[in-house]
Enquirer: 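Quick one: this structure, given as C-alpha cells, is what I'll be asking you about.
Order of appearance sets the numbers: ligands from 1, and atoms from 1 within every ligand.
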Amino acid sequence: MAGEPQSDCVFCKIVAGDIPATVVRKSEHTLAFRDLHPQAPTHILVIPHAHYPNAAALAAAEPAIAGELLAEAGAAAREEGLTDYRLIFNTGAGAGQTVFHAHVHLLGGKTLHEGLV
Ligand code: 5GP
Ligand code: ZN
C-alpha cells in the first residue's frame, strides 16, 4: 500500500531505528538527519516517515506532508545558521537518485551560486 514501510529501503530502516543516523530534527511526519557522505559543510536529508518513491509522488499523495517536509528543511537551515542554502530533490536514477524513498537534500555552508550541479 502507498506509504507503507518497505523492507528493502534504507530510509524506512532509519525511520524504524534499525539503522542509526545523526538526527537533527523530528516532526510529526518527517525526520531530518545528516547525510552519510556530505557534499557541503551542512548536508541534511529531510524525509517523510511514510515511504513514497520520490518527492512528486509524496506531494501527489500527501500534499500536507510535502509542505511539512519543506517547512522542516527551512527550520533545519535556520538551526544550522544558514540564510543561503540549496534544496534538491533528485528524481530517477538518471538524475542521481540512489535511495527511492522521498527526500530533500539541504546543502549549505559554502558558496553554491556557481552552477546548478
Ligand atoms: P539521492 O542520491 O538518492 O538523492 O540521495 C541519497 C543520499 O542518501 C545520498 O546523499 C547518500 O549519501 C545518503 N545515504 C545513503 N545511505 C545512507 C545512510 O544509511 N545514512 C545516511 N545518513 N545517509 C545515507
Ligand atoms: Zn522507505
Enquirer: How far is atom 20 (N) of ligand 1 from the closest protein heavy atom, and which atom is that?
Expert: Ile14 CD1, 3.7 Å
Enquirer: Do you know which N/O/S atom name in His101 is closest to the Zn ion (ligand 2)?
Expert: ND1
Enquirer: Tell me: protein heavy atom nearest atom 11 (C) of ligand 1, and distance?
Expert: Asp35 OD1, 3.4 Å
Enquirer: Give the residue and atom name of whichever protein heavy atom lies nearest to atom 22 (N) of ligand 1, and the separation in Å to one decimal.
Expert: Arg34 O, 2.9 Å
Enquirer: Can you confirm whether Val104 sits close enough to Leu45 that some side-chain heavy atom of one is under 4.5 Å from a side-chain heavy atom of the other?
Expert: no
Enquirer: From the N, O or S atoms in His51, identify the one nearest to the Zn ion (ligand 2).
Expert: ND1
Enquirer: Among all protein heavy atoms, pick out the one at the shortest distance from atom 1 (P) of ligand 1; state its residue, atom name and that distance to 0.1 Å.
Expert: His103 NE2, 3.2 Å
Enquirer: Determine, using heavy atoms of Gly96 and all atoms of ligand 1, whether some pair is separated by less than 4.0 Å.
Expert: yes
Enquirer: How long is the gap from CD1 on Ile47 to CD1 on Ile14, to the nearest 0.5 Å?
Expert: 6.5 Å
Enquirer: Is there a side-chain contact between Ile19 and Val10, using heavy atoms and a 4.5 Å cut-off?
Expert: yes
Enquirer: Checking side-chain polar atoms at under 3.5 Å, does Ser27 have a donor or acceptor matched by the opposite partner on Glu68?
Expert: yes
Enquirer: Is Phe11 close enough to touch ligand 1? Criterion: a residue heavy atom under 4.0 Å from a ligand atom.
Expert: yes
Enquirer: Heavy-atom contact check, 4.0 Å cutoff: does Lys13 meet ligand 1?
Expert: no
Enquirer: To which of Thr22, Leu36, Val23, Asn54 does the heavy atom nearest atom 21 (C) of ligand 1 belong?
Expert: Leu36
Enquirer: So, for Ala73 and Leu106, which heavy atoms are closest and what is the spacing to 0.1 Å?
Expert: O-CD2, 3.7 Å
Enquirer: I'd like to know whether Gln97 forms a side-chain hydrogen bond (donor to acceptor under 3.5 Å, both in side chains) with Thr91, so could you lay out the CA-CA distance, the side-chain angles of the two residues, the decisive distance to 0.1 Å, and finally the verdict.
Expert: CA-CA 6 Å; Gln97 188 178 5; Thr91 302; 5.0 Å; no
Enquirer: I'd like to know if Glu80 and Arg25 make a salt bridge, using a cut-off of under 4.0 Å between side-chain N and carboxylate O.
Expert: no
Enquirer: Is ligand 1 less than 4.0 angstrom away from at least one heavy atom of His105?
Expert: yes
Enquirer: At a 4.0 Å threshold, what atoms of ligand 1 neighbour a non-hydrogen atom of Asn90?
Expert: 1 (P), 2 (O), 4 (O)
Enquirer: How far is atom 15 (C) of ligand 1 from its nearest protein heavy atom, and which residue and atom name does that atom have?
Expert: Val99 CG2, 4.1 Å
Enquirer: Could you check whether any side-chain heavy atom of Tyr52 comes within less than 4.5 Å of a side-chain heavy atom of His101, counting everything from C-beta outward?
Expert: no
Enquirer: Applying a heavy-atom cut-off of 4.0 Å, say which part of Phe33 lies close to ligand 1: side chain, backbone, both or neither.
Expert: side chain
Enquirer: Under 4.0 Å from a heavy atom of His37: give me the atoms of ligand 1 that qualify, with their elements.
Expert: 12 (O)
Enquirer: What protein heavy atom is closest to atom 3 (O) of ligand 1, reported as residue, atom name and distance in Å?
Expert: Thr98 N, 2.7 Å
Enquirer: Does the ring centre of His29 sit less than 6.0 Å away from the ring centre of His49?
Expert: no
Enquirer: In the protein, which heavy atom is nearest to atom 19 (O) of ligand 1, and how far is it?
Expert: Val10 CG2, 3.5 Å
